[in-house]
Structure formats: structure tokens, C-alpha cells
Protein chains: 2
Amino acid sequence: MGLTRTEIFTLEQNQLAVLLKALAHPARIAILQHIIATKSCVCGDLVEELGLAQATISQHLRELKNVGIIQGTIEGVSVCYCINEEVWGVLQEQLNNFFNAYRGTSGCC
Amino acid sequence: MGLTRTEIFTLEQNQLAVLLKALAHPARIAILQHIIATKSCVCGDLVEELGLAQATISQHLRELKNVGIIQGTIEGVSVCYCINEEVWGVLQEQLNNFFNAYRGTSGCC
DNA sequence: TTTATTTATCGTAATATTGCAATATAATAT
DNA sequence: ATATTATATTGCAATATTACGATAAATAAA
């Protein structure tokens with residue numbers, strides 16, 4: 001127990017869940033918004049920007065990197081993170097599929 | 001520690017995170033898809049449909065209900081669940097805001 | 001080489017999530 | 001009233017998440 005039974009769900013359901021879980025934290029939402037806002041990618045100023053410890057930010061970045069939403073390239077001493085367009089697109093498409101399935105009231109409750 | 005520091009994030013960031021967290025599980029995605037697919041709302045056939053124990057399904061339903069994504073009305077012995085249009089709309093809008101902020105490559109990494 | 005800077009990793013404490021059996025609750029039917 | 005059916009709640013074990021201090025690793029500057 002305590003372990004999600006992924007084997008009983010479809011690949012898409014599991015994939016979407018994994019991507020959404022990576023987004024489902026205010027710090028990671030803030031990190032992504034900051035990466036998007038500061039066109040020039042992002043380095044370690046996230047630690048100042050948000051009020052979390054460096055280790056915590058690094059951990060959140062790794063989670064986003066693990067599911068592929070962002071990617072990082074070493075740039076001298078620091079690391080530059082940015083959106084991975086491909087995965088970002090997959091996420092958007094899967095979300096669209098999900099939301100488009102719903103068409104207004106089913107008129108029941 | 002072990003507790004998300006919501007106080008350092010905006011209301012919107014926290015709200016979106018809470019909604020996404022409710023979605024971020026394959027069982028809850030499957031439940032929503034089933035509710036959407038079977039127009040006539042849904043009752044307890046989710047237990048048969050997905051392969052999870054009744055207590056587990058009930059728990060997932062409660063989580064979705066807690067954040068307002070679905071609502072349930074008693075219908076005789078059973079309960080009929082359906083999408084809460086208002087919250088569904090809020091979620092879609094907040095997601096749109098989030099994704100629309102990103103416009104193509106930032107051209108950095 | 002030594003030092004500073006930046007990021008990653010490890011270890012750990014506190015808390016949350018997942019899943020289920022057992023049981024409780026609520027509504028209908030007999 | 002009693003039985004039946006459907007859903008909710010409780011309690012628990014296994015695992016995951018969140019946050020952070022301490023420390024390691026990697027690069028650049030002196």
C-alpha cells in the first residue's frame with residue numbers, strides 16, 4: 001500500500017498525472033512563471049526571488065527536470081534553465097484533450 | 001518542515017496548485033473522464049469501472065469534491081457526481097493564463 | 001594552487017498520500 | 001422493524017513529499 005497502482009490505468013492517464021503532479025506545487029508554478037517571464041532563461045536568482053532555501057529550489061528544479069518540463073544547460077558557474085518545448089507541447093495537448101471532452105452541463109445534478 | 005510554505009506565494013499560485021494536485025492522480029483523472037463520458041452523471045459503478053476498492057474510490061471522490069471540481073447529490077440510495085461547472089471554468093481559466101504566458105523559445109538553452 | 005561562487009546531493013524531521021479491510025451511516029425495500 | 005444496498009468514515013501500514021542544514025562537486029578567478 002501507499003503506492004499508486006499505475007498498472008490499472010492507461011499510459012495517457014499515468015503520463016498526464018505525472019506531468020500535473022510536477023506542476024502541482026506553488027513553488028514549481030512560481031519557478032516556471034519566472035523562467036517564462038525572464039526570457040533570458042533563469043539561473044540561481046530563484047532562491048532570492050522565491051523565499052526558499054537553495055537546497056529546496058534545487059530539489060524543485062530537479063523534479064521539473066525529471067519529468068522533462070524544463071531542461072538545464074551549464075553556463076559557467078551557474079546553470080541556465082528553460083522550458084522544454086516538446087514536453088510543454090505534450091502537456092498542453094493532453095490537457096486540451098482532457099478538457100475538450102467536457103461539453104457543458106450533463107443536466108443531472 | 002514537510003509543510004508547503006503557502007504564505008510566500010500568491011493566492012493564484014496556491015489555488016492553481018491545489019486544483020492541479022487534485023487532478024494529479026491517474027485514478028482521479030479516470031474518475032473525471034468517466035463522469036464526463038457517461039452524461040448521466042455517475043454513481044458507484046466507478047468501483048467496477050476502475051479496479052480499486054470502494055473505500056479508495058470514495059476517498060478520491062472526496063478529494064475532488066473538497067476542492068470543488070465535482071459535486072454530488074443524493075439520489076435514493078446512491079450518490080450522483082458531476083462536474084462543478086464554475087470551478088471547472090476557474091481551473092480552465094487559470095490554466096489558460098498560465099500557458100498563455102509562454103510564447104515559444106526564449107532562445108537561451 | 002587556493003579561494004570564491006554556484007549548484008547538486010545527502011541526511012533527516014515533519015507531514016501527506018495511497019490503498020484497503022473493517023465498520024459505520026443512510027436510504028430504500030420487504 | 002429488519003434486511004438490503006450504496007456510500008462514507010476510521011484506522012492502519014507503506015510510501016512519498018516538503019523543507020532545510022550540511023556538505024560535496026564543479027567551475028571561475030586570484
Side-chain angles (χ1 to χ4, degrees), chain A residues 1-9 13-14 17-31 34-35 40-67 70-82 109, chain B residues 1-9 13-14 17-31 34-35 40-67 70-82 109:
Chain A
M1 286 108 233
L3 197 132
T4 300
R5 292 188 49 194
T6 54
E7 78 280 4
I8 67 175
F9 303 105
Q13 287 167 338
N14 284 315
V18 165
L19 289 173
L20 289 180
K21 192 149 91 174
L23 289 190
H25 191 286
R28 294 194 289 272
I29 290 175
I31 286 173
H34 194 263
I35 290 181
S40 63
C41 283
V42 123
C43 318
D45 45 19
L46 285 161
V47 179
E48 290 179 45
E49 201 63 22
L50 324 183
L52 290 169
Q54 185 266 321
T56 309
I57 297 286
S58 188
Q59 197 174 274
H60 283 303
L61 284 168
R62 184 174 49 183
E63 258 174 282
L64 289 169
K65 203 168 56 179
N66 279 346
V67 301
I70 62 172
Q71 60 197 154
T73 50
I74 297 168
E75 205 145 276
V77 176
S78 48
V79 176
C80 173
Y81 284 104
C82 63
C109 40
Chain B
M1 283 109 235
L3 196 132
T4 300
R5 293 187 49 195
T6 55
E7 79 279 5
I8 67 175
F9 302 106
Q13 286 167 339
N14 285 314
V18 164
L19 289 173
L20 289 179
K21 193 149 91 175
L23 289 190
H25 190 286
R28 293 194 290 272
I29 289 174
I31 286 174
H34 194 263
I35 289 182
S40 65
C41 283
V42 124
C43 316
D45 45 20
L46 285 160
V47 178
E48 290 180 46
E49 202 62 24
L50 323 183
L52 289 169
Q54 184 267 323
T56 310
I57 297 286
S58 187
Q59 194 175 277
H60 283 304
L61 284 169
R62 184 173 51 182
E63 257 174 282
L64 289 169
K65 205 169 54 179
N66 280 345
V67 302
I70 63 173
Q71 60 197 156
T73 50
I74 297 170
E75 205 146 275
V77 176
S78 49
V79 176
C80 172
Y81 285 103
C82 64
C109 40

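Chain letters run A, B, ... following the sequence lines, proteins first and then strands; every chain starts at 1.
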D:dT7 P sits how many Å from B:E49 CD, rounded? 14 Å
Rounded to whole angstroms, how far apart are CD1 on A:I8 and P on C:dC20? 7 Å
Do B:R28 side-chain atoms and A:A17 backbone N/O form a donor-acceptor pair below 3.5 Å? no
Is B:T4 near enough to D:dT18 that one of its side-chain N or O atoms lies under 4.0 angstrom from OP1 or OP2? no
Between C1' on D:dT18 and CG on A:L61, what's the gap in Å once rounded to a whole number? 15 Å
A:L50 atom CG is separated from C:dT7 atom P, nearest whole Å, by 13 Å
Any side-chain N or O of B:H60 under 4.0 Å from OP1/OP2 of C:dG19? yes
Does a sphere of radius 6.0 Å around CD1 in B:I8 hold more than 12 heavy atoms from other residues, nucleotides or ligands, not counting ones at 6.0 Å or beyond? yes
Please work out whether the ring planes of B:H25 and A:F9 are parallel, tilted or perpendicular, with thresholds of 30° and 60°. perpendicular
Less than 4.0 angstrom between a side-chain N/O of A:H25 and OP1 or OP2 of D:dA19, yes or no? yes
Give a yes/no answer on whether the side chain of B:S58 brings an N or O atom under 4.0 Å of OP1 or OP2 in D:dA8. yes
Closest-nucleotide mapping onto DNA chain D: is B:R5 or B:V77 further toward the 5' terminus? I mean the 5' end. B:V77
Along DNA chain C (nearest heavy atom to each residue), the more 5'-positioned of B:R28 and A:R62: A:R62
So, is A:K21 near the phosphate of D:dA16, with a side-chain N or O under 4.0 Å from OP1 or OP2? no
Quickly work out the B:E7 CD to D:dT18 P distance and round it to whole Å. 15 Å
Spell out yes or no: do the side chain of B:Q54 and the base of D:dA6 have one donor N/O and one acceptor N/O closer than 3.5 Å? no
Scan A:Q59 against the nucleic acid and name what it touches under 4.0 Å (heavy atoms): base, sugar-phosphate only, or nothing. base
A:L23 CG to D:dT18 P: how many Å, rounded? 12 Å
Quick one: is C:dA8 close enough that its OP1 or OP2 comes under 4.0 Å of any side-chain N or O from A:Y81? yes
Base, sugar-phosphate, or nothing: which does A:I74 touch, judged by heavy atoms less than 4.0 Å apart? nothing
More than 12 heavy atoms of other residues, nucleotides or ligands under 6.0 Å from CD of A:E7: yes or no? yes
A:L52 CG to D:dT17 P: how many Å, rounded? 17 Å
Nearest-0.5 Å distance, CG of residue B:L19 to CG of residue A:L23: 12.5 Å
NA contact type, B:I57, heavy-atom cut-off 4.0 Å: base, sugar-phosphate, or nothing? nothing
Closest to side chain of B:A55, choosing from C:dT9, C:dC20, D:dT7: C:dC20
When all nucleic acid strands are considered with a 4.0 Å heavy-atom cut-off, which category describes B:A53: base, sugar-phosphate, or nothing? sugar-phosphate
